[in-house]
Structures are given as C-alpha cells and as structure tokens.
Amino acid sequence: MDDIKNKLWAIGGGKGGVGKSIVTLMVGASLARLGNKVILVDADLGGSNLHTLVGIRYPKYTLADFINKKVEAIEDVIMSTPIENMSIICGADDILGMANPKYTQKTRLLNHLKRLDADFMLLDLGAGTSFTTMDFFLYAPNKIVVLTPQITSIQNAYGFIKASLFRHLNDTFSKESGPLELIKRACSPVNGEPIDSIAKLYDEFKVLGEEQQENLMNCINALNIKLIINMVKDTKERNVCKIVKSVAKNYLGLTIEDLGIIQFDNILNSSINNMADFFTKRRDSMASINCYDIATTIIKNCQKITTQPSVFAAPKIPA
Ligand SMILES: Nc1ncnc2c1ncn2[C@@H]1O[C@H](COP(=O)(O)OP(=O)(O)OP(=O)(O)O)[C@@H](O)[C@H]1O
Ligand SMILES: [Mg+2]
C-alpha cells in the first residue's frame, strides 16, 4: 500500500479536547493490529502530547530535531511504541518556537514524511485553524474531522471545515484576481451579501467562464473529508453526523463521508495514563471495538481507492 492517497491521514477538528489524539492513537493501533505498518505523527506543534498517551515520558527525539536540522533524515526521529507495528514521531515543544514553522520548514517536513516507509501515517493536528494546522490538513489526501455531539464542538467542526475549504480555494486561485475577489466575498458574507453559499459562488463564477466554474467544482470535490463522532452517549447523538453532513452540503457544497462513531467509554477515560496497556488489555471496551470498526472501514476505503477510481466522481454542487 505505497500510494500516498491511501497512506496519509490527517486528524483535525477545530475544538480542543474532542479526542483527536485519542482517535489517532486508537485507530492507528487498530490499523497496526490488522497487520499494517503505522506511523503516528504528532503534528500538534506547540501542544504535543501524543507521546504521553503511548507511555513515552521524555521523547529522545522530536520533530524539532528534524525541523532544526539536528538530524538529516526524518527516519532518525521515529521512535517505537509498546504497540507492535506502530511507531511515533513525537511533537515539538512550543518553547522552541515550533508552533509556526516557516514555509520552507513545512515543505521539507511534508516531503520527507511522504517518502516514509509505512502503510499508514496518521497526523494528529492541534486545535484551532492556524495556518500550520490547515496546511497539514490540506496536504493530507485523507482528512478526518473529529467532533463530539456537543453543540460547541459541532459549531467548531463546521468552522474548521469551512476554514479549510476557503484556504484550499484561496491557495488554488491565489494568482487570479477575479476568482479571488468572489471567493473573498463568499468567505465572510457581510450584511446583504448575495454570495452566501458555495452554490451561489458557483453561479457567480459563470461570468469568469465555464472553465473557471469547472475548476471551482473540481477544487471543492477534491476535498475528501470524513467525520468521526467521538464520546457518543446515546442513539440520538449518533445523528450529529447527519446534521454536519447536511449543513456542509447545503452551504459548502461538500460531500462529507461518515467514518463512524466512538462511544463515550469510562474505562478509556480512566486509562489515559496508560493507553498502550489499555489498548492491549481492553480490546473488549466499547471505544476499542468502535476504533477497530473504523480501521476496518479505512482499509476497505483504501482498497476502493486503489481499485475503483470512480469513487472520486464529482458530486454535484447543490442547486
Ligand atoms: N471515547 C471517549 N470516551 C471517554 N473519554 C474520552 C473519549 N475520547 C476522549 N476522551 C477524553 O477526552 C480527553 C481529551 O482527548 P484528546 O487529548 O484526544 O483530545 P484532543 O482533541 O486531542 O485535545 P487537544 O486539542 O488538546 O489536543 C482524553 O484525555 C480523554 O479523557
Ligand atoms: Mg491532541
């Protein structure tokens, strides 16, 4: 499974504490258990704690060593974890000013990451919508947004998805003033602004010609976002996914996939200090079972991507 399209997954979600790191770890461990070589990357530069969850107290090497060129190859900062088949690249501490690496540093990092020998690489992103977080999220061909059923988390997840879409549009049309002007208006519609959805932006693009309309649609369709609802407590909360999907479709023209739910799990919550132990000994816990199911779905998804390119067929922008 060498294909970068299958390999690289970014896990983001706007809000802090929704379980991005837990999902990275648990889904990563499930993929490893299913026989895949997995590398977790703590891309929460400035607020890294993924290593703590796998039981590494003081990482010997971190991304900072690579970013500051203390080591030449990214392979030099990979550390093993107690989980077979799964290793980790620990995050950098903000004391070193790593939260906002320079463009060239980010590009070098991403170029080295993509060449790593792994079946899956999972990037654990920080909270918020900083440029660095957005860049990592947009770079990964597979994007997961984690949210909980809480209203604030739903709002932040939507905000995160919207911010990533508009950054993606801005990047794509960065050298074209006509499209950029329209994108800017759609991004923050002020009082009475008629372009208040992607469908209307698409209509406005008509004046720029059919080719630009098609470029806009291709750009939107290229954003391959999937949702995981974490800390689900009852059946009603499972429907949160439908709400986010429908709002994203109606206002942003995005077709978002549902990757699954993870139930609120008391055993997990009280095992945070020893997640590796939890993972090996509590495979029967609800969260472990849910994450295993999600890993299975991811693998099926990758097989589909490899064998049926038609899954990328362009969904229509809503009328
Ligand atoms: N399914 C779950 N069941 C019970 N508790 C959970 C679950 N998922 C996460 N938690 C709890 O939520 C806490 C926060 O999780 P986590 O650190 O993964 O969030 P995060 O989104 O990565 O936060 P940050 O943005 O600060 O990096 C965990 O320490 C754990 O106590
Ligand atoms: Mg985290």
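Here the structure is a predicted model, which means the values were calculated and not measured. Read the numbers this way: they start at 1 and go in the same order the structure lists the ligands and their atoms.
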Salt bridge (Lys or Arg N to Asp or Glu O under 4.0 Å) between Arg167 and Asp135, intermediate numbers included | CA-CA 9 Å; Arg167 181 149 168 98; Asp135 284 346; 2.7 Å; yes
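- Here Tyr158 and Tyr251 keep their ring centres 6.0 angstrom or further from each other.
- For Phe278, there are no ring-ring contact (aromatic ring centres under 6.0 Å, His included) partners two or more places apart in sequence or in a different chain.
- Atoms of the protein (N, O or S only) found under 2.8 Å from the Mg ion (ligand 2) are Ser21 OG.
- By the neighbour-count criterion of 12 heavy atoms within 6.0 Å, atom CD of Glu84 is sparsely surrounded, having that number or fewer from other residues, nucleotides or ligands.
- The only option from Asn85, Asp119, Asp117 that meets the side-chain hydrogen bond (donor to acceptor under 3.5 Å, both in side chains) definition with Lys37 turns out to be Asp117.
- No donor-acceptor pair closer than 3.5 Å links the side chain of Thr133 to the backbone N or O of Leu125.
- Between the Thr148 side chain and the Met231 main chain, no donor and acceptor come within less than 3.5 Å of each other.
- Protein residues with a heavy atom closer than 4.0 Å to ligand 1 are Gly16, Gly17, Val18, Gly19, Lys20, Ser21, Ile22, Asp44, Ala127, Asn230, Met231, Ile262, Gln263, Phe264, Asp265, Leu268, Asn269, Ile272, listed by chain and number.
- Under the salt bridge (charged side-chain N to carboxylate O under 4.0 Å, His left out) criterion, Lys281 pairs with Asp277, not counting sequence neighbours.
- More than 12 heavy atoms of other shown residues, nucleotides or ligands fall within 6.0 angstrom of atom OH in Tyr139.
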